[in-house]
Amino acid sequence: MHDLGKAELDAVAEVLANPILTTGEWVARFEQRFADYLGVRNAVALTSCTGALHLSLIALGIGPGDEVITTPMTFIATATAIIEAGAKPVFVDVEPETGNLDVLRIEAAITERTRAIVPVHLYGQMCDMRALRELADRYGLHIFEDAAHCVEGARDGVKTGQLGNTACYSFYATKNLTCGEGGAAVTNDDALAERLRLLRLHGMNKNANDRHREGYQHWDMPVLGWKYNMDNIQAALLLPQMDRLDDNWQERRELAQQYEARLWDIPDLSRPKTLPGVEHAWHLFPVWIGAGRRDEVIERMQKAGISVMVNYRAIHRLTYFRDTFGFKTGDFPNAELIGDNTLSLPFYPNMPLEHVDCVIETLRDILS
Ligand SMILES: Cc1ncc(COP(=O)(O)O)c(C=O)c1O
């Protein structure tokens, strides 16, 4: 549930009073603000996290014949971006206690075709980026972090984007920072950032804002690019939210504590573990329902007027992945178990405590 209001309306009105609606000054301001927040050198604002992952792969020359290691416990976009780049997604099973890519299983999946690893910081808990970077460096691999769930989080003193070649973010409607649809890639590599900027706008070496500022000049297209540039309206929606980011994070952290204090004794219910050294971003609040009762719980919660979601069913069992790559049930048992049991509870800043109580009592009634 978004909390956009007057500050965002005012920011958009300011853009509309100016001639440049597309990529320009507001986008540059958002990029600076976002990069500063994460403590990285560059942010490149885009139209989605899917686009950010796709461009990251292409910018580093990954394509047909290459393999990219990732997790089956994610939204489909993590893997479809790899496929759109022309490469093959190679799934590795997840840690049973967190749902994150299991670093210890990766080495066995590396072949001479492997070029990159795409970890997903699931629900807002960061993967072990120090261990991943060490492994990737040992094999000469790139890392593109899918940080769609993890803007605010950290682990062992590292934030997202600081150790990956890029980290990719989503500003989709359900995210903590949103402009309806939007995304970004961040990187400490200045040359890579330049390449991402070129690739996000058809491969053109001048954009509309340059032409407006400097008067018409001929432009060139040195490389084939895509159309993934964020516009000023989207950036204006995001900028005021940066002021509230940490306060909203604190509210979600408190909400998570309220939930945890109430649900620990409900039968057949468990939770992902937050590991030592992790500062959780608290994007989602999933519970894991045992005894094969997850779908019954969904139905009964919805009948009681409580909206719940599933993040996610293990994606290798979806039709396209089974048909295209031959995956089957049993290939990634930890991801399958989580995917069969997981249920995300309502979770947003300012969620009234009576609603938390109502969600918990409904769950307890169903499961007791
Ligand atoms: C883990 C993960 N990766 C990627 C995406 C794709 O983000 P976008 O919709 O911005 O392309 C999402 C969106 O929900 C996501 O949750």
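Both counts, for ligands and for their atoms, begin at 1 and track the order of listing. Computed from heavy atoms alone, side chains included, the values below leave out hydrogens, waters and symmetry copies.
E8 contributes no side-chain N or O that, together with a main-chain N or O of L4, makes up a donor-acceptor pair within less than 3.5 Å. In this structure, the side chain of E336 engages the main chain of D331 through a donor-acceptor pair within 3.5 Å. A donor-acceptor pair under 3.5 Å is formed between the side chain of N232 and the backbone N or O of W26. Remark: side-chain polar atoms of T166 are not paired, donor with acceptor, to backbone N or O of A185 under 3.5 angstrom. Within the 3.5 Å criterion, the main-chain N or O of L46 finds no donor-acceptor partner in the side chain of R200.
For ligand 1, the atoms sitting less than 4.0 Å from at least one non-hydrogen atom of G182 are 10 (O), numbered in the order shown with element in parentheses. Against a heavy-atom cut-off of under 4.0 Å, C49 is close to the following atoms of ligand 1: 4 (C), 6 (C), 7 (O), 8 (P), 10 (O), 11 (O). Heavy-atom contacts of T78 reach the following atoms of ligand 1: 3 (N) (cutoff under 4.0 Å). Heavy-atom contacts of T74 reach the following atoms of ligand 1: 1 (C) (cutoff under 4.0 Å).
Not close to ligand 1: A81, with no non-hydrogen atom less than 4.0 angstrom away. Heavy-atom separations between Y312 and ligand 1 include at least one value shorter than 4.0 Å.
Under 3.5 Å, the side chains of D146 and T78 contain a donor-acceptor pair of N or O atoms. Under 3.5 Å, the side chains of N18 and E14 contain no donor-acceptor pair of N or O atoms.
Residue E181 has no N or O atom closer than 3.5 Å to an N or O atom of ligand 1. At a 3.5 angstrom cut-off on N or O pairs, Y169 does not count as close to ligand 1. Polar contact with ligand 1: present for D146 (N/O pair, distance under 3.5 Å). Ligand 1 has no nitrogen or oxygen under 3.5 angstrom from a nitrogen or oxygen of A77.
Ring pair H283/H149 is tilted by interplanar angle, where 30° to 60° counts as tilted. Relative ring orientation between F144 and H142 is described as tilted, the plane-to-plane angle lying within the 30° to 60° band. The aromatic rings of H280 and W282 sit parallel, their planes meeting at an angle under 30°, below the 60° perpendicular limit.
With a 4.0 Å cut-off on non-hydrogen atoms, A148 touches ligand 1 through its side chain and not its backbone. Both the backbone and the side chain of T50 come within 4.0 Å of ligand 1, judged by heavy-atom distances.
When only non-hydrogen protein atoms are considered, atom 14 (O) of ligand 1 lies nearest to K175 NZ, 2.7 Å. Here the protein heavy atom with the shortest distance to atom 10 (O) of ligand 1 is S170 OG, 2.7 Å. Counting protein heavy atoms only, atom 12 (C) of ligand 1 is closest to F75 CD2, 3.7 Å.
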